Participant: 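Please read through the structure below; I'll follow up with questions.
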Amino acid sequence: MSLPSSDEEKHKSSVAENTDHHHEQFKQQFGFDPADIAAHTPSLRGRKLTAAVAFVAGTGFTLFGYDQGVMSSLLTGNQFEGSFPEVIVEPSHPNHATLQSFIIAIYEVGCLFGALSNLWVGDKLGRRKTIVVGGSIMIVGAILQTTAFSFAQLIFARIFTGYGNGLITSTVPTYHAELSPSAKRGRMIMMEGTLIVVGVTIAYLVDLALFFVNWSSAQWRVPIALQLVFEIIMVTCIGFLPESPRWLVKRGRNAEAMAVISAMEDKPLSDPEVQRTYYGIREAVAVEASSQGSLRELTTGGPSQNFRRTVIAVVFMMMQQLTGINLVTFYATIVFQRLGLSEVNARITSVANGAEYILASIAAYYTIDYVGRRHLMLFGAIGQSIVMLLLAILGYINNTPAQIVSVVLIFGFNTFFAFGWLGVAWLYCAEIAGLRTRAPTNALSTASNWTFNFVVVMVVGPAFNNISWRTYIVFAALNAIIVPVVYFFFPETGGRSLEDLDVVFALAYMTGEDPVKVSLRKDVPLAGTREADEILGVSPRPSEKPPTPSSSSGKARKQV
């Protein structure tokens, strides 16, 4: 039943007036028109957007894992040794053990420079563009590696490829963390850890399949070339995703940021959670707006505690490498051959090791947001220390039963690492940094990762040649040292939004408490609330009063 024409016109007029009034209210509250938000609305929302971001981030980390594992079996392949005799370790050339380590470790040097360059380019380009640049560099580097015909060319190509990977690995965790709801952030980024292992395992499988192609250089060229698949997918798909809302707010693109937050939460603009997230980001920007430059901010204390947070991230990544994981990842085939396995069986065991590694990392995926970051770190470090000590004892005994048990223990080491240090490292460093310093902090922490990755990979080859089983004692001691460092100095970040952590450090500074103890409290106000404003020293205008937290945000905070 339709209205009379005069009544219909009045109804339309009333709707238009209400809409205009609503738009005017919104404009007064936020400073921009809803039409500007609509113009920047992402094509994907909610779970679809979360899944798409996870897919692109996951592709980047699968690529990372593939590059980590692909050289493990190639080093001892007859075609690789024929192309690059410098890697053949024999009594007449004992220095070749160093060159063998060098061809692997030099990749980390490129990654180091790529991560450090993110100090300058990360916040200028934004998360998406940095990933595109890094991926494009890796595509060129992969082509150069595949077509290498000399040791020098391969070294240059690995440095060049590493540079692109350094840009990616110092950006992807931040991008993924900033586009993930706090209640799911741990699991989403732990998935990246699983995909690193998936990449490693795919590399082992490809190496095993092509090991039998012993009449052609395709034995090593094809495995290296296959990384192009991951690189092209990542660079292509990132173009369909939105930029991080936190970076957008930093750049004054508030309407676009609001559109992304609404899509990320899959809630309307009027929803209190969408508005609280937006206000929390704006407050974090406002608190740090008085600082002059990101690099200088890294050394500041005060309520933001930037220096402390940067040191935590850098030390965390250093410790991840000092656990000794790359003794297994990069040298898996060689380690298993040292334990008495044949060339083929060593490669098959490496694949099985990778498969078990994946299963362990999946278990960590389901526990991270319920157990907490600190508990998993401590559990992993204790287990790793015990395993390394047992490997040293069995290496000293060095008989057939001891070698069999040692193979099993290497599987055990991967299990502990997958639980405590694989995905947690990339998650924790993205969480612990403040908004304005997040890109440079992640650049420095990733640089720390690559620096000590290089050190460990360079040392392991010569160490096994010179001190044999005693190498495991060194890593057992390092893992033991990690336990008290984590317990006394690393705050819990689970179950909080990225902006909530600013409140944690500011509250610790105000009260003179240890940030670790404050992070374990349940009564810390949520960012975007009036209580948090007082702690952060932010005084929003009357027209910009942030909403009080809803029950859902309370649940998120308790999910530690």
Side-chain angles (χ1 to χ4, degrees), residues 68-78 80-81 87-91 94 96-98 100-101 103-105 197 200-201 203-209 211-212 321-360 383-418 422 456-479:
Q68 293 279 79
V70 74
M71 293 298 291
S72 173
S73 300
L74 299 185
L75 284 172
T76 53
N78 69 312
F80 191 84
E81 290 180 339
V87 302
I88 302 174
V89 180
E90 51 191 6
H96 282 195
T98 302
Q100 188 183 71
S101 295
I103 197 66
I104 295 177
V197 186
V200 171
T201 307
Y204 290 162
L205 279 167
V206 171
D207 287 351
L208 174 62
F211 173 71
F212 301 100
Q321 290 305 307
L322 294 180
T323 59
I325 182 58
N326 281 325
L327 179 157
V328 179
T329 303
F330 282 113
Y331 294 99
T333 301
I334 295 173
V335 168
F336 288 131
Q337 285 181 232
R338 283 178 176 274
L339 293 174
L341 298 179
S342 66
E343 286 189 336
V344 174
N345 287 340
R347 285 167 170 79
I348 293 173
T349 306
S350 294
V351 174
N353 184 42
E356 186 274 337
Y357 199 3
I358 292 172
L359 294 176
Q384 288 156 196
S385 182
I386 293 171
V387 168
M388 284 293 185
L389 183 60
L390 292 174
L391 284 170
I393 294 170
L394 293 170
Y396 173 76
I397 296 171
N398 197 29
N399 56 25
T400 301
Q403 290 176 339
I404 293 171
V405 175
S406 294
V407 171
V408 175
L409 283 174
I410 289 173
F411 280 69
F413 181 87
N414 277 355
T415 300
F416 285 114
F417 184 84
L422 175 62
V456 170
V457 173
M458 277 299 297
V459 165
V460 164
F464 271 117
N465 274 351
N466 294 315
I467 62 174
S468 187
W469 55 269
R470 296 174 183 85
T471 304
Y472 294 119
I473 295 179
V474 175
F475 288 109
L478 289 170
N479 277 286

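All values reported here derive from a predicted model rather than from experimental measurement.
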Participant: Say whether, by atom type as modelled, one donor and one acceptor occur between the side chain of Thr201 and the main chain of Gly354 under 3.5 angstrom.
Facilitator: yes

Participant: Contact between Leu391 and Trp469 at the side-chain level, heavy atoms closer than 4.5 Å - yes or no?
Facilitator: no

Participant: Would a distance-only check, ignoring hydrogens and angles, find a side-chain to backbone donor-acceptor pair under 3.5 Å from Asn326 to Val457?
Facilitator: no

Participant: Closest heavy-atom contact between Gly69 and Asp207?
Facilitator: O-OD2, 3.9 Å

Participant: Would you name the heavy atoms of Phe80 and Leu74 that are closest together and state the gap between them?
Facilitator: CB-O, 3.1 Å

Participant: Could you check whether any side-chain heavy atom of Ile393 comes within less than 4.5 Å of a side-chain heavy atom of Tyr472, counting everything from C-beta outward?
Facilitator: no

Participant: What's the spacing between Gln337 CD and Ser350 OG if we round to 0.5 Å?
Facilitator: 8.5 Å

Participant: For a quick test of reading the model, state the closest non-hydrogen atom pair linking Ser385 to Ala476 and the distance between them.
Facilitator: OG-O, 2.9 Å

Participant: Do Leu422 and Ile325 make a side-chain contact, defined as non-hydrogen atoms from C-beta onward lying under 4.5 Å apart?
Facilitator: no

Participant: Who passes ring pair (Phe, Tyr, Trp, His ring centres under 6.0 Å) against Tyr204, sequence neighbours left out?
Facilitator: none

Participant: Run the side-chain hydrogen bond (donor to acceptor under 3.5 Å, both in side chains) test against Thr349 and tell me which residues pass, sequence neighbours left out.
Facilitator: none

Participant: What is the minimum heavy-atom distance between Asn353 and Ile410, and which atoms define it?
Facilitator: OD1-O, 4.1 Å

Participant: If you measure from CD1 on Ile358 to CD on Glu356, what distance do you get to the nearest 0.5 Å?
Facilitator: 10.0 Å

Participant: Indicate yes or no: at least one non-hydrogen side-chain atom of Gln403 is less than 4.5 angstrom from one of Asn398.
Facilitator: yes

Participant: Output the distance between atom CG (Leu409) and atom CG (Leu389), rounded to the nearest 0.5 Å.
Facilitator: 10.5 Å

Participant: Would you say the side chain of Val206 lies within less than 4.5 Å of the side chain of Val70, judging by non-hydrogen atoms?
Facilitator: no

Participant: With side-chain contact (heavy atoms from CB on, under 4.5 Å) as the test, would you mind laying out the steps for Phe475 and Val456 before giving the verdict?
Facilitator: CA-CA 10 Å; Phe475 288 109; Val456 170; 4.0 Å; yes

Participant: Roughly how far, to the nearest 0.5 Å, is CG of Leu478 from CD of Gln321?
Facilitator: 12.0 Å

Participant: In chain order, what residues pass the ring pair (Phe, Tyr, Trp, His ring centres under 6.0 Å) check against Phe416, with sequence neighbours excluded?
Facilitator: Phe379

Participant: Could you tell me which non-hydrogen atom of Met388 sits nearest to which non-hydrogen atom of Thr323, and how far apart they are?
Facilitator: CE-O, 3.9 Å

Participant: Any donor-acceptor pair under 3.5 Å linking the side-chain atoms of Asn345 with those of Ser342?
Facilitator: yes

Participant: Nearest heavy-atom pair of Phe211 and Val344: which atoms, and what distance?
Facilitator: CE2-CG2, 3.8 Å

Participant: To the nearest 0.5 Å, what is the distance between CD (Glu343) and CD1 (Ile348)?
Facilitator: 12.0 Å

Participant: Phe336 vs Phe411 aromatic rings, parallel, tilted or perpendicular, using cut-offs 30° and 60°?
Facilitator: tilted

Participant: Any chance you could measure Leu339, atom CG, to Thr400, atom OG1, to the nearest 0.5 Å?
Facilitator: 11.0 Å

